*Asks:* 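Sharing a structure below in structure tokens format, with a few things to ask.
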Amino acid sequence: MDKERIIGLINELYRITSLFPKKEPLRYKMREAADNLLLHFTTFESLNSNNPGSFAGDVKMKTKECLFEIENNFEIINNYFNVTKWQNWASYFNIIALQEKYDLFKKDVKEEIKRIVLEKKITVEKEDKPEKSNHSLSIREKKIMLLLKDKGRAQVNDASKMLPSVAKRTLRRDFLALIEKGLIERMGENNNTYYSLKE
């Protein structure tokens, strides 16, 4: 992936958010999301290098977590652009132009990730999946399974309402783990992402 390109986009985001009021939370939230984007890019590249290191652990699982975080941070940044372009803190047209650059880069990254995933065969082959009956589930995973059984389908927000003391990031990992176990499936994208029991 073009790391220089993402660093350039992050620098542009820092410049444009420097025009926001200093006490405005979005000034820092947008930078945090952009920083997280770079962090997960770097981690993804390290995990999929020829020598990810002996301490990398479960490369396949960590790679999927990275991909999820990359997609999630792109969506967060896009939503922040949609809010800030109407605030008159910076030029509407400059924000739109930068938003379009991020959107274009997101599409390129998706294609690049698809290529790498195919090359590395990161996707779990169907025959490698264990039988459903052999899965041991955590208490949270069991509650999520009951939620999906009860509602038919649910989002992370629904699980968060059921388990308010658990961070959404942790819940996303639980959903990801259940997908890995072949028990649930994911539908839709971004804010319209739902999960349901796998038939």
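Quantities reported herein were computed from a predicted structural model and do not represent experimental measurements.
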*Asks:* Are Asn82 and Gln99 close enough that a side-chain donor and a side-chain acceptor fall under 3.5 Å?
*Replies:* yes

*Asks:* Checking the side chain of Arg27 only, and the main-chain atoms of Phe20 only, is there a donor and an acceptor separated by less than 3.5 Å?
*Replies:* yes

*Asks:* If the condition is side chain to side chain donor-acceptor pair (under 3.5 Å), which residues does Arg31 pass it with, not counting sequence neighbours?
*Replies:* Thr17

*Asks:* Would you check if there is a donor-acceptor pair between the side chains of Asp158 and Tyr195 at a distance under 3.5 Å?
*Replies:* no

*Asks:* Less than 4.0 Å between a side-chain N and a carboxylate O, is that true for Arg5 and Asp108?
*Replies:* yes

*Asks:* Could you tell me whether the side chain of Val166 reaches within less than 4.5 Å of the side chain of Ser160, counting heavy atoms only?
*Replies:* no

*Asks:* Rounded to the nearest 0.5 Å, what's the gap from CD on Glu141 to CG on Leu178? Could you check?
*Replies:* 4.5 Å

*Asks:* What is the distance from atom CZ of Arg140 to atom CE of Met145, rounded to the nearest 0.5 Å?
*Replies:* 15.0 Å

*Asks:* Do the side chains of Arg186 and Glu71 get close enough for a salt bridge, i.e. N-O under 4.0 angstrom?
*Replies:* yes

*Asks:* Looking at every non-hydrogen atom in both residues, tell me the closest pair between Asn73 and Ala33 and how far apart they are.
*Replies:* OD1-O, 3.5 Å

*Asks:* Is any side-chain heavy atom of Asn72 closer than 4.5 Å to one of Asn36?
*Replies:* no

*Asks:* For Lys168 and Asn157, test the side chains for any donor-to-acceptor distance below 3.5 angstrom and give the result as yes or no.
*Replies:* yes

*Asks:* Can you tell me how far apart CG (Leu176) and CD (Glu69) are? Round to the nearest 0.5 Å.
*Replies:* 9.5 Å

*Asks:* First locate atom CD1 of Ile179, then atom CG of Asp174, and finally report the distance between them rounded to the nearest 0.5 Å.
*Replies:* 11.5 Å

